[in-house]
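Keep in mind that the numbers below use all heavy atoms, side chains included, and drop hydrogens, waters and symmetry copies. In the text below, chain A, chain B and the rest are named by the order of the sequence lines, each starting its count at 1.
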Protein chains: 2
Amino acid sequence: MTTKQTSDVIDVPAGFAGIPKLDQHLCFALYSASGLMTRLYRPLLEPLGLTYPQYLTMLALWEHAPRTVGELGDALGLDSATLTPLLKRLEGNGLVTRRRDAADERRVLVEPTQQGRALREGAKAVSAAMRCHSPLDGDELKSLHHTLTRLIDGLREASAAAPDRD
Amino acid sequence: MTTKQTSDVIDVPAGFAGIPKLDQHLCFALYSASGLMTRLYRPLLEPLGLTYPQYLTMLALWEHAPRTVGELGDALGLDSATLTPLLKRLEGNGLVTRRRDAADERRVLVEPTQQGRALREGAKAVSAAMRCHSPLDGDELKSLHHTLTRLIDGLREASAAAPDRD
DNA sequence: TACTAAAAAATCGTGAACGATTTAAATGGA
DNA sequence: TCCATTTAAATCGTTCACGATTTTTTAGTA
């Protein structure tokens, strides 16, 4: 531990003591990739009048509706503090309806409107256009997606197991 | 195309016409994974008085400083509209200094303070703690990181090639 | 030198994102 | 039946993120 030279690989025993460089952090790779995806989607979604999180929300709703805010939150990994204002904006743009569940007045049911369902057609072009932006071939994409899914499952477990530490 | 049954695999020719489900979107896997990472870091960073983007910024500055706002933006993939207020908050917390470059008064040089450099010690524990949260083994992590890096390079090219379409 | 163009950061407005709290409704005993 | 507990969504305050614009400084050129 006397040499202090900077090499481009981790030069500490086994993930000990030293802090990896920014570019060596998996979290930063995920952060960058996600941000780039969002930026690539933006110009494609703009003609549809959707932001990227709104697009994900519509994808969830096209798949299955009506759903409560909570169910939607589970599907998207977001809480009501994020979803409520987002859904109000979608409602304001005429793409979804929000109504209290008569059977349980605590719940709010969200559903695409006619216009919201119609938007699905335009989304096909978005989906198709995005397929062109990847440098990875089909097998690599599948493999990456599979690995990410495993990572996500692990991270979910970790975050459920240790919500915080005091 | 007369059967309208929903199956849990893609039931269209070859990525044509149909919109994949939310969970089949790579962008959503990246979005979820990145969000989960941020949430896992939060309780670890809170004692250090850092948010996650602030932590990434400090990682960049610990690696090399002083840097201009623009250089930092290139490293982090953020623009001055995001970085300026973030850096002002770091400055307000005594972790970095911001000063105009005497040689070019347009530039602002950012540098960790003594306190900002000292924080690096506390960050070692954060870095170590995060290593425990992954369900992937060392080789898988390396491979995932490598694939993500290639994806990021491709997405950067794509976003440079087609900033928008009108 | 004067004047336009380019570059760097800051500013503004909008929309996520989330912790913490609040409000309202349903649930589960005693 | 009554009341404490739980649950669901909404609200509030702070921070991130970015497109578009503005301000200031430098560079380039006639």
Student: Are Thr84(A) and dA10(D) close enough that a side-chain N or O sits under 4.0 Å from OP1 or OP2?
Tutor: yes
Student: Does Met58(B) share a hydrophobic cluster with Leu109(B), counting links as ILVMFWY side-chain heavy atoms below 4.5 Å and allowing steps through other members?
Tutor: no
Student: What is the separation between atom OH on Tyr31(A) and atom C1' on dA17(D), rounded to the nearest whole Å?
Tutor: 8 Å
Student: Applying a 4.0 Å non-hydrogen cut-off, can you work out what Leu86(A) is touching in the nucleic acid: base, sugar-phosphate, or nothing?
Tutor: sugar-phosphate
Student: Indicate the atoms forming the closest heavy-atom contact of Leu72(A) with Leu83(A), along with that distance.
Tutor: C-CD1, 3.9 Å
Student: Counting heavy atoms from C-beta on, name the nucleotide in dA8(C), dA9(C), dG19(C) closest to the side chain of Arg100(B).
Tutor: dA9(C)
Student: Hey, is the side chain of Lys88(A) poking within less than 4.0 Å of OP1 or OP2 on dT11(D), counting only N and O atoms?
Tutor: yes
Student: Send over the distance from Glu105(A) CD to dT23(C) C1', rounded to a whole Å.
Tutor: 14 Å
Student: Specify the separation, in whole Å, of atom CG of Leu40(B) and atom P of dG19(C).
Tutor: 11 Å
Student: Return whichever of Gly77(A) or Leu109(B) has its heavy-atom-nearest nucleotide of DNA chain C closer to the 5' end.
Tutor: Leu109(B)
Student: Rounding to a whole Å, what distance do you find between Arg99(A):CZ and dA10(D):P?
Tutor: 14 Å
Student: On the side chain of Ser80(B), is there an atom forming a donor-acceptor pair with the base of dA8(C) - under 3.5 Å, no angle test?
Tutor: no
Student: What contact category does Leu78(B) fall into here, base, sugar-phosphate, or nothing, at under 4.0 angstrom with non-hydrogen atoms?
Tutor: sugar-phosphate
Student: Which word best sums up how the rings of Tyr52(A) and Tyr31(B) line up, parallel for under 30°, tilted for 30 to 60°, or perpendicular for over 60°?
Tutor: perpendicular
Student: In whole Å, I'd like the distance from the CZ atom of Arg89(B) to the P atom of dT15(D).
Tutor: 5 Å
Student: Whole Å only: how far is the CZ atom of Arg107(B) from the P atom of dT26(D)?
Tutor: 11 Å
Student: Do you know which two heavy atoms are closest between Ala60(A) and Arg67(A), and how far apart they sit?
Tutor: O-NH1, 2.8 Å
Student: Could you check whether any side-chain heavy atom of Phe28(A) comes within less than 4.5 Å of a side-chain heavy atom of His145(B), counting everything from C-beta outward?
Tutor: no
Student: Return the value, rounded to whole Å, for the distance between atom CD of Glu91(B) and atom C1' of dA9(C).
Tutor: 14 Å
Student: Would Trp62(A) end up clustered with Leu22(B) when hydrophobic side chains under 4.5 Å apart are linked, directly or stepwise?
Tutor: yes
Student: Give the nucleotide from the list dA17(D), dT11(C), dA10(D) with an atom nearest to the side chain of Ala81(B).
Tutor: dT11(C)
Student: What integer distance in Å separates Leu87(B):CG from dC16(D):P?
Tutor: 10 Å
Student: Between dG19(D), dT26(D), dA9(C), which nucleotide gets closest to the side-chain atoms of Asp104(B)?
Tutor: dT26(D)
Student: Counting side-chain heavy atoms from CB outward, which of dG19(D), dC16(D), dA10(C) is closest to Asp79(B)?
Tutor: dG19(D)
Student: For DNA chain C, find the residues of residues 49-76 of chain A with a heavy-atom distance under 4.0 Å and give them by number; none if there aren't any.
Tutor: Thr51(A), Pro53(A), Gln54(A)
Student: If you measure from CG on Leu86(B) to OG on Ser80(B), what distance do you get to the nearest 0.5 Å?
Tutor: 12.5 Å
Student: Would you call Leu36(A) and Leu30(B) a side-chain contact if the rule is heavy atoms closer than 4.5 Å?
Tutor: no
Student: Should Arg106(A) be listed as having a side-chain N or O under 4.0 Å from OP1 or OP2 of dT23(C)?
Tutor: no
